[in-house]
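Report on the following structure.
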2 protein chains.
Amino acid sequence: METMVGLKRTHRCGELTLEDVGKKVTVMGWVQVYRNLGGVIFIDLRDRSGILQLVARIEDGEEVFQKADMVRSEYVLAALGEVVKRDEDTVNDKIKTGRIEVRMSELRILSKAETPPIYIEENSNVREEVRLKYRYLDLRRPDMQRLMELRHNVCKIARSYYDENGFLEIETPMLQKSTPEGARDYLVPSRVHPGSFYALPQSPQLYKQLLMLSGMDRYYQIVKCFRDEDLRADRQPEFTQIDLEMSFVNEDDVMSINEGMMKRLFKELKDIDLKTPFRRIPYQEAMDRFGSDKPDTRFGLELKDISDIVANSEFKVFTDVVKKGGSVRAINCKGGDAKFSRRDLDGLVDFVKTYRAKGLAWIVIGENELKSPITKFFSQEQIDGILSRMEAEVGDIIMIVADKNEIVYDALGALRLELAKRFDLIDKNSCDLLWVTDFPLFEYSEEEKRFVAKHHPFTMPKDEDIPLLDTDPAKVRAKAYDMVYNGTEVGGGSLRIFNTELQQKMFEKLGFTKEEAWERFGFLMGAFQYGTPPHGGMAYGLDRLVMLLAGRDSIRDVIAFPKVKDASELMSEAPGTVDEKQLAELHIKLDLPEEKN
Amino acid sequence: METMVGLKRTHRCGELTLEDVGKKVTVMGWVQVYRNLGGVIFIDLRDRSGILQLVARIEDGEEVFQKADMVRSEYVLAALGEVVKRDEDTVNDKIKTGRIEVRMSELRILSKAETPPIYIEENSNVREEVRLKYRYLDLRRPDMQRLMELRHNVCKIARSYYDENGFLEIETPMLQKSTPEGARDYLVPSRVHPGSFYALPQSPQLYKQLLMLSGMDRYYQIVKCFRDEDLRADRQPEFTQIDLEMSFVNEDDVMSINEGMMKRLFKELKDIDLKTPFRRIPYQEAMDRFGSDKPDTRFGLELKDISDIVANSEFKVFTDVVKKGGSVRAINCKGGDAKFSRRDLDGLVDFVKTYRAKGLAWIVIGENELKSPITKFFSQEQIDGILSRMEAEVGDIIMIVADKNEIVYDALGALRLELAKRFDLIDKNSCDLLWVTDFPLFEYSEEEKRFVAKHHPFTMPKDEDIPLLDTDPAKVRAKAYDMVYNGTEVGGGSLRIFNTELQQKMFEKLGFTKEEAWERFGFLMGAFQYGTPPHGGMAYGLDRLVMLLAGRDSIRDVIAFPKVKDASELMSEAPGTVDEKQLAELHIKLDLPEEKN
């Protein structure tokens with residue numbers, strides 16, 4: 001192993017061009033490939049900036065040549081030499097430095113390398129578990145390095161933007177009090193206070209509101225948040241939010257600032273001019289038309305409600321559903337007849353069942369007849385009504401789900417996306433940004449037999465809906481908004497309640513006694529008594545935002561050291577066991593589930 | 001309570017000037033003071049930008065006047081009106097907006113306020129416990145708001161600087177594996193893996209090194225770190241580091257980049273041109289001259305070693321110390337005779353005892369004679385030797401400590417600072433920035449009876465000292481450096497070991513078996529095998545840096561929501577108790593200390 005003594009890197013590998021011909025340079029990096037062609041050895045040297053060809057010619061000296069002959073893949077080298085123009089027939093226009101090479105006068109092997117378990121190349125096709133176990137090698141791949149650069153740039157642009165708009169970056173605590181409402185907290189036992197625990201933040205919600213009470217006016221932070229939930233594909237136990245809050249604002253102000261932020265991101269990262277303001281779709285309309293509160297509006301296949309038409313039919317499945325307050329809704333799969341066999345349709349029936357629908361009825365509009373297992377239950381008038389509402393034409397297939405509204409939306413919303421995928425209806429290059437607004441304030445939890453907050457318990461109801469809090473809470477709409485990007489929620493927020501009485505009533509509706517509410521959130525409600533500005537804010541899921549901007553499918557690709565489904569990290573094997581002594585100091589002991597025999 | 005409907009803030013309070021006279025404006029903020037002078041009411045409205053005078057005149061309309069008469073301190077208002085020039089005799093040149101006022105045409109009371117428990121004014125003299133309990137009110141004070149702005153700006157400048165220099169901001173995990181070495185970890189029980197724990201990071205050390213192995217070249221992050229230690233005045237259980245790492249560098253490269261960073265900070269924040277490069281003082285020299293590895297060199301009072309002179313004296317206390325390998329060192333307290341009574345000197349004896357010194361010997365250089373309890377033990381030659389080495393003149397007092405080196409440095413280092421404080425020797429406006437270099441690699445822990453890493457176990461020894469690892473580890477110097485600002489360490493770092501064998505040897509010297517080392521740090525040592533660039537880095541204590549830049553004495557003043565000595569937060573009362581159910585899910589139970597009866 002050789003030292004760095006006397007060496008100073010003069011250039012990154014990818015920086016050198018024809019303009020540097022004649023310069024004496026010192027470059028450092030990893031060996032991508034090496035070829036010994038007899039009297040000449042070529043080494044492709046790689047660093048974050050790109051790849052550079054080094055040449056050792058035997059006529060330039062034995063020492064460099066012999067050392068060059070020792071290198072292997074992923075060795076770390078420092079090379080000194082002169083930039084020379086390549087022979088015309090060895091020019092490589094695929095890489096930036098393809099017209100030059102460095103003729104080495106000195107070569108040092110700074111670090112040797114075993115053969116790496118994964119090959120370091122663009123988009124290499126290696127099992128994800130192996131990639132994550134050797135993440136430090138996986139991150140050497142140029143595409144992964146560009147993803148990290150993209151993430152860096154997203155943060156940089158966001159910070160500049162919010163700073164220019166008067167937001168102060170203020171850090172909120174990581175060791176907080178556990179206020180169980182929402183997801184499960186990660187807990188941290190306190191050593192100093194036996195029996196007490198901190199919780200890691202699910203979001204900086206309370207603190208950012210307190211910062212508004214403290215007159216900070218505008219706050220932002222790019223901050224780690226934690227949720228101890230079972231992981232889904234796009235979730236991580238620790239994730240990053242771009243979090244912000246503003247005083248003296250209404251919904252338009254918050255949305256407009258954040259449209260500006262997305263405009264800036266798209267302009268600087270993709271040179272795309274987003275049109276602002278974004279479209280706004282009220283929650284109910286989004287559900288009715290797209291079966292989703294994060295609608296992908298890059299294609300049609302909209303849902304239509306046909307409950308009124310079939311309510312009095314002879315098809316008991318439909319009529320029962322309507323009687324019970326559910327609905328019958330349909331999608332017109334344009335031209336589906338030519339694409340879907342009877343067997344494919346059966347497959348779609350199975351597909352909607354995974355969304356809890358009991359079945360999928362269909363009507364194929366044939367040239368001369370309708371093919372369907374259910375038309376026999378309908379009068380001609382009812383059939384005409386359905387066809388007309390669905391704007392059905394020959395070759396279409398009408399796909400119908402009847403159930404509780406919630407299940408109908410879910411199943412048809414998912415079916416709509418599935419059909420778009422199968423028919424390739426989505427223009428990958430289009431950027432579809434919109435707001436979904438007017439969310440319900442509450443949703444009813446069958447599990448807990450109570451209302452829970454749809455957004456969170458600090459969300460302001462619409463002024464005109466406040467009387468409904470006492471009479472019909474399910475109907476109360478919130479001053480809440482989600483930003484949706486190509487059918488994925490990238491951020492959301494709301495205006496906040498800013499007086500004690502309303503906040504107290506909100507907790508009451510959520511089933512807290514006054515004492516419980518004050519026990520958990522007293523410091524916020526107490527704070528409201530000392531002069532509170534109207535305020536509201538928003539948070540982006542940074543991981544998801546970067547993933548979408550990169551056109552990737554997994555947030556793990558845009559997180560340097562992600563965790564996997566069981567919340568472990570494959571590289572360091574975290575979490576791990578700890579010493580008895582550590583637990584004793586924290587006043588806890590293990591309470592392990594019994595071994596299954 | 002009134003609403004924001006139809007309102008849009010047009011200006012911040014502090015923004016309006018004579019140039020805005022005639023404009024219709026809408027401003028919002030908190031009531032600082034109000035005065036009803038009969039037919040006219042003045043309200044000082046405060047927001048983050050400053051204070052603005054609102055006027056309600058009875059002749060402009062009853063409604064606004066009556067509403068203005070209802071406001072009290074800290075009410076939140078929205079006021080619409082016209083900017084008018086103040087009468088010459090009511091001009092207030094102490095505030096930016098002192099030449100204008102807003103004559104209100106509409107006033108809305110957005111939020112009422114109880115009388116706040118602390119008065120909202122600059123540098124208000126309130127007990128810190130009360131300030132922290134009502135932190136959201138404390139942060140309304142203009143000086144606290146400026147401190148948050150300063151912190152925002154420090155982060156912003158640091159981010160721009162590192163970005164311009166090719167550093168990528170990359171997030172490292174918060175939920176890590178516990179690797180007990182160094183301070184005590186905060187632990188997070190895993191729900192999914194019964195009996196396993198995550199640890200919150202004490203620093204991103206391992207991950208930032210792995211990012212260098214992954215070819216990221218330069219990394220930075222402003223990141224929360226955690227240490228579960230008993231708090232000292234300038235420590236917090238969660239604190240923030242500006243953390244960075246660079247590949248293919250030597251010590252000069254890291255130091256030079258960071259000198260540039262400090263230069264930028266001082267220029268942009270204080271318009272001060274720092275001279276670079278900073279002075280470098282090797283650790284041993286810093287200890288010998290200043291008794292400290294974070295010397296304050298803004299004043300003299302340097303230590304001198306007089307062991308050689310007194311080694312053969314008749315003063316057994318001194319001779320014994322020297323025989324045992326300790327030393328006798330002294331400070332010349334110039335002109336001390338005029339300032340210190342015999343009683344003051346006794347006080348200083350007590351002072352050095354708090355640093356474990358057994359005593360403080362002194363020699364007062366009187367006009368005609370030396371006053372000292374110890375001169376009788378020395379020959380004239382020895383006395384002359386001491387006076388000459390200390391450059392003593394009439395009126396000086398020589399203060400001497402004899403003990404183990406460690407204690408001598410500690411006691412005299414502290415005494416030196418104490419004397420400077422008492423004699424007011426420090427120019428508060430001077431900015432004294434320097435590096436301390438060449439730290440020892442190890443220090444011996446009496447408690448653990450083994451060597452521990454002075455910096456951390458990944459620090460590279462000096463090339464020329466590597467052979468000493470086997471023969472005399474205590475003598476090995478590290479490629480480590482601390483940045484010292486006015487006698488406080490603001491940052492430190494090192495070059496890192498980058499090969500498996502040396503890293504393994506390092507762990508061996510620290511008393512780990514090979515198995516233990518691989519169990520804990522295997523993923524790093526394994527990674528070294530696949531081609532590792534020479535690398536090194538640094539971390540700043542952000543809280544401390546901002547505190548020093550602000551000229552404050554407490555880091556709690558530059559943290560929005562700090563914790564106190566017992567690691568609790570007074571506002572939210574974190575940590576708190578949690579439900580049994582939460583613990584059961586985490587497979588732990590409490591193991592509380594028995595009640596003392």
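Each chain gets a letter, A, B and so on, in the order its sequence line appears, and its residues count up from 1.
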Side chain proximity check, B:Pro117 to A:Tyr530, heavy atoms < 4.5 angstrom:
yes

From the list A:Glu74, A:Gln529, A:Arg218, the residue making the most non-hydrogen contacts under 4.5 Å with chain B is A:Gln529

Between atom CG of A:Asp579 and atom CG of B:Leu187, what is the distance when rounded to the nearest 0.5 Å?
9.5 Å

Answer key: most heavy-atom pairs under 4.5 Å with chain B among A:Pro237, A:Pro533, A:Ala567, A:Pro116 is A:Pro533

Which answer fits B:Phe167, side chain, backbone, both or neither, if we ask what part of it has an atom under 4.5 Å from a heavy atom of chain A?
backbone

Among A:Asn250, A:Thr532, A:Leu592, which residue has the highest count of heavy-atom pairs closer than 4.5 Å to chain B?
A:Thr532

In the structure I gave you, are the side-chain heavy atoms of B:Asp463 and A:Val5 within less than 4.5 Å of one another anywhere?
yes

Nearest heavy-atom neighbours spanning B:Leu590 and A:Gly195
CD2-CA, 3.9 Å

Could you state the interatomic distance from CD1 (A:Ile170) to CE (B:Met148), rounded to the nearest 0.5 Å?
6.5 Å

Which atoms of A:Pro534 come close to chain B, meaning under 4.5 Å heavy atom to heavy atom: side chain ones, backbone ones, both, or neither?
side chain

Is the shortest heavy-atom distance from the side chain of A:Pro189 to the side chain of B:Pro575 under 4.5 Å?
no

Closer than 4.0 angstrom, basic N to acidic O: yes or no for A:Asp566 and B:Arg191?
no

With distance as the sole test, does B:Trp30 use its side chain to make a donor-acceptor pair with the main-chain N or O of A:Gly215 at under 3.5 Å?
no

Euclidean distance, A:Leu168 CG relative to B:Cys155 SG, rounded to 0.5 Å:
11.0 Å

The interface call for B:Met4 against chain A, heavy-atom contacts under 4.5 Å, is side chain

If I measure from the heavy atoms of chain B, does A:Leu175 come under 4.5 Å with its side chain, its backbone, both, or neither?
both

Under 4.5 Å to a heavy atom of chain B? For A:Arg184 that would be side chain

Between B:Lys589 and chain A, which part of the residue has a heavy atom less than 4.5 Å away: side chain, backbone, both or neither?
both

Under 3.5 Å side-chain donor-acceptor pair for A:Gln176 and B:Ser572:
no

Before you tell me yes or no, could you show the steps for A:Glu585 and B:Asp228 under side-chain contact (heavy atoms from CB on, under 4.5 Å), namely the whole-Å CA-CA distance, both residues' side-chain angles and the distance that decides it to 0.1 Å?
CA-CA 11 Å; A:Glu585 285 183 321; B:Asp228 187 8; over 6 Å; no

Indicate the atoms forming the closest heavy-atom contact of A:Arg140 with B:Gly531, along with that distance.
NH2-O, 2.7 Å

Roughly how far, to the nearest 0.5 Å, is CZ of A:Phe561 from OG1 of B:Thr172?
8.0 Å

Segment of A:Val192 engaging chain B (4.5 angstrom heavy-atom cut-off):
side chain

Please classify the contact of B:Ser160 with chain A as side chain, backbone, both or neither, using a heavy-atom distance under 4.5 Å.
neither

Under-4.0 Å salt bridge between B:Arg159 and A:Glu169:
yes

Checking heavy atoms, do the side chain of B:Arg48, its backbone, both or neither come under 4.5 Å from chain A?
both

Under a 4.5 Å heavy-atom cutoff, which of A:Asp47, A:Thr577, A:Asp230, A:Val223 has the most pairs with chain B?
A:Asp230

For the residue pair A:Met571 and B:Tyr207, establish whether any side-chain heavy-atom pair is separated by less than 4.5 Å.
yes

Quick one: CE on A:Met212 to OH on B:Tyr136, what's the gap to the nearest 0.5 Å?
15.5 Å

Given B:Glu114, B:His587, B:Lys133, B:Lys156, the one with more heavy-atom pairs under 4.5 angstrom with chain A than any other is B:His587

Is A:Ser247 in contact with chain B via its backbone, its side chain, both, or neither, using a 4.5 Å heavy-atom distance?
backbone

Heavy-atom pair with the smallest gap, counting every atom of B:Ala560 and A:Leu211:
CB-CD2, 4.5 Å

At a heavy-atom separation under 4.5 Å, does A:Ser190 approach chain B through its side chain, its backbone, both, or neither?
side chain

Among A:Leu137, A:Leu213, A:Leu210, which has the most heavy-atom pairs under 4.5 Å with chain B?
A:Leu213

Min side-chain heavy-atom separation A:Tyr198-B:Lys563 under 4.5 Å
yes

Report which part of A:Glu229 has an atom under 4.5 Å of a heavy atom belonging to chain B: side chain, backbone, both, or neither.
backbone

Heavy-atom nearest pair, A:Lys224 first then B:Met174, reads CG-CG, 3.9 Å

A side-chain contact here means heavy atoms from C-beta on lying under 4.5 Å apart; do B:Glu171 and A:Thr240 qualify?
yes

pair B:Leu7-A:Phe248: side-chain heavy atoms closer than 4.5 Å
no

Among A:Ala584, A:Gly29, A:Ala527, which residue forms the greatest number of heavy-atom pairs with chain B at distances under 4.5 Å?
A:Ala527

Min side-chain heavy-atom separation B:Phe197-A:Ile588 under 4.5 Å:
yes

Electrostatic pair A:Glu569-B:Lys177, nearest N-O below 4.0 angstrom
no

Per-residue contact mode, B:Leu583 against chain A (heavy atom under 4.5 angstrom)
side chain

I'd like to verify something: which residue of B:Val188, B:Asp253, B:Leu200, B:Ile222 has the highest number of heavy-atom pairs under 4.5 Å with chain A?
B:Val188

With a 4.5 angstrom heavy-atom cut-off, is it the side chain or the backbone of A:Leu542 that approaches chain B, or both, or neither?
side chain

Gap separating the NZ atom of B:Lys8 from the CG atom of A:Asp252, nearest 0.5 angstrom:
7.5 Å

Which portion of B:Tyr219 sits near chain A, non-hydrogen atoms under 4.5 angstrom
neither

State plainly whether the residues B:Asp217 and A:Arg12 are in salt-bridge range, i.e. N to O under 4.0 Å.
yes

Is it true that a side-chain atom of B:Ser214 and a backbone atom of A:Leu139 form a donor plus acceptor pair closer than 3.5 Å?
no

